[in-house]
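Before any comments, here is the structure.
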Number of protein chains: 2
Amino acid sequence: METKGKFTYDYERPALATDCVIFGFDGGELKVLLMERETEDSQSTWSLPGGFVYMNETTEESAKRILHEKTGIKNVFVEQLYTFSEVDRDPRQRVVAVAYYALVNNKKFQIAAGLNAKNVAWFELSKMPKLIFDHSKIVKTALIRLKGKVRYQPIGFELLNEKFTLTQLQQLYEAILETTTDKRNFRKKILSMKLLKALNEKEQNVARKAAQYFSFDKQAYKEFTHSGFNFEL
Amino acid sequence: METKGKFTYDYERPALATDCVIFGFDGGELKVLLMERETEDSQSTWSLPGGFVYMNETTEESAKRILHEKTGIKNVFVEQLYTFSEVDRDPRQRVVAVAYYALVNNKKFQIAAGLNAKNVAWFELSKMPKLIFDHSKIVKTALIRLKGKVRYQPIGFELLNEKFTLTQLQQLYEAILETTTDKRNFRKKILSMKLLKALNEKEQNVARKAAQYFSFDKQAYKEFTHSGFNFEL
DNA sequence: TGGCTTAGTGTATTTTTAACACTATTTATT
DNA sequence: AATAAATAGTGTTAAAAATACACTAAGCCA
């Protein structure tokens with residue numbers, strides 16, 4: 001128990017923190033951004049970016065602030081995941097963590113990737129190092145959520161640039177859902193929802209037929225949902 | 001800030017509480033169990049059962065403990081809903097609330113209903129009183145979750161007795177999803193999953209043809225999911 | 001015994017999903 | 001200039017699932 005501090009309560013309180021699982025998509029692979037810290041015995045351990053919640057911010061604001069402070073990423077999709085409260089999850093003190101997950105598009109992915117020299121790095125899911133505390137469990141929970149959610153909410157687009165090809169979109173879904181899909185059937189289904197705008201623009205400098213660029217039409221999606229339709233893939 | 005207390009920290013901490021949305025199903029209606037408290041000005045206000053998290057319990061244990069202490073209900077389905085952290089959600093002090101929702105079957109519903117004389121009561125969703133703080137928002141969030149979840153997880157059964165008729169089951173789904181369904185199609189679909197066991201028992205004392213009782217077959221569901229099938233209604 | 005009430009059941013149509021293979025375009029290579 | 005390499009883009013058919021729809025069965029009551 002702290003004694004030097006200056007905030008005193010008439011009952012004991014857990015500390016409250018936020019942790020963030022940051023997903024990116026690159027090279028056909030789903031990746032997670034992790035931070036490295038040196039421990040006292042000068043071993044390195046990896047963890048999710050996280051920190052304590054301030055008194056004047058919500059947990060969502062806290063997660064976004066920490067995301068920005070620690071990785072430079074801002075203005076991305078962030079959603080609450082789950083609150084982890086095992087009594088001994090942090091052996092040093094009782095910390096309850098409200099976990100969030102973020103989806104980072106390819107452009108911001110590259111910026112975050114540029115920070116590699118420092119203490120953050122992208123990891124493929126199959127190549128994740130051991131993580132501190134219950135952070136592996138948090139990542140696992142985030143993956144399950146992402147897999148479930150991507151099928152009935154158009155959040156996958158958050159992982160691509162504003163303009164993307166149908167092949168990229170299909171690869172994204174295949175990576176997240178760990179499936180393969182027939183190209184024609186995938187295109188038929190996604191185009192039938194009329195939520196994609198075909199742009200007057202094609203890929204450049206590719207040694208093959210250049211693919212058409214599309215963008216997600218947020219306005220059409222609004223009307224789509226208001227008409228009682230449900231996104232589903 | 002408290003001054004008489006004996007727990008002191010070197011930075012300010014929000015209080016951590018749990019609140020619980022308790023769903024019951026009776027008379028073809030989905031209901032929520034609420035608590036009444038007297039305020040200082042002797043007006044009554046309604047709220048979700050809730051309380052502070054102890055240092056030696058997880059938030060889930062806290063929610064279950066409080067549920068039991070305040071309503072007598074235990075051994076029911078309880079699942080984490082969402083963490084509410086608006087800075088001013090409780091005007092008296094900063095409280096972050098981890099909300100849970102519980103599904104109470106009809107038998108336990110009746111017991112809880114018997115507490116009516118005291119300070120708890122079941123309310124139909126359309127007849128809910130004004131609630132304290134952000135508790136209406138919490139109920140709304142719980143409803144959205146229940147609606148979403150009931151379609152791809154067999155949690156609806158938690159709201160019925162162990163034995164139930166297909167008509168009861170259908171009414172439950174219709175109440176939660178706010179839809180109507182064709183009786184033959186509903187039966188065809190639910191029975192095709194082979195997750196219901198027909199019991200050698202019928203309704204008693206009804207002034208019409210007595211309906212067959214069924215129960216949910218947990219063992220079959222385990223095998224069902226392990227075979228890669230998904231519950232879906 | 002006739003009336004009331006809800007249980008229980010089958011078929012035909014429409015819609016959705018799944019399976020499947022070739023041509024078109026662009027760049028790189030020789 | 002011709003050809004090879006790579007991936008974009010496209011339509012049809014068959015199977016499965018969802019939907020729409022109406023009568024008979026059983027038990028109690030008046």
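Reminder, nothing fancy here: chain letters follow the sequence lines and each chain counts from 1. Not measured: the values here are computed from a predicted model.
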Taking atom P of D:dT7 as reference, at what distance in whole Å does atom CG of A:L166 sit? 16 Å

Interatomic distance, B:Q170 CD vs C:dT9 P [rounded to whole Å]: 14 Å

Would you say the base of D:dC28 and the side-chain of B:N205 have a donor-acceptor pair closer than 3.5 Å? no

What's A:E203 touching, base or sugar-phosphate or nothing? Going by heavy atoms closer than 4.0 Å. nothing

Spacing of B:K202 atom NZ relative to C:dG8 atom C1', expressed in whole Å: 10 Å

Sidechain N-carboxylate O distance under 4.0 Å for A:E79, A:K149: yes

Would you classify A:T167 as touching base, sugar-phosphate or nothing, given that sugar-phosphate means primed atoms plus P, OP1 and OP2, and contacts are heavy atoms under 4.0 Å? sugar-phosphate

Partner of A:V78 under side-chain contact (heavy atoms from CB on, under 4.5 Å), chosen from A:L67, A:I22, A:I73: A:L67

From the options B:E203, B:Q212, B:E201, select the one residue that forms a side chain to side chain donor-acceptor pair (under 3.5 Å) with B:K163. B:E201

Centroid-to-centroid, B:F164 to B:Y213, below 6.0 Å? no

Could you tell me how far apart A:Y213 (OH) and D:dA8 (C1') are, to the nearest whole angstrom? 13 Å

Return the value, rounded to whole Å, for the distance between atom CD of B:Q204 and atom P of D:dA26. 17 Å

Should the pair B:W122 and B:F109 be assigned to parallel (<30°), tilted (30 to 60°) or perpendicular (>60°) ring geometry? parallel

Spacing between A:D182 atom CG and C:dC22 atom C1', to the nearest angstrom: 13 Å

Given atom NZ of B:K188 and atom C1' of D:dC21, what is their separation to the nearest angstrom? 10 Å

Nearest heavy atom decides the nucleotide; on that basis, is B:E232 or A:T165 closer to the 5' end of DNA chain D? A:T165

It should be established whether B:R187 places a side-chain nitrogen or oxygen under 4.0 Å from OP1 or OP2 of nucleotide C:dG8. yes

Using whole Å, what does the distance between atom C1' of nucleotide C:dG8 and atom CZ of B:F186 come to? 14 Å

In terms of side-chain heavy atoms of B:K183, which of D:dA8, C:dC20, C:dT9 is nearest? C:dT9

Classify the nucleic acid contact of A:K189 as base, sugar-phosphate or nothing, counting any heavy atom under 4.0 Å across all strands shown. sugar-phosphate

Quick check: on DNA chain C, is the nucleotide nearest A:K209 upstream (toward 5') of the one nearest A:N185, or the reverse? Name the residue that is more 5'. A:N185

Would the base of D:dA8 count as contacting A:R184 through its side chain, where contact means a donor and an acceptor less than 3.5 Å apart? no

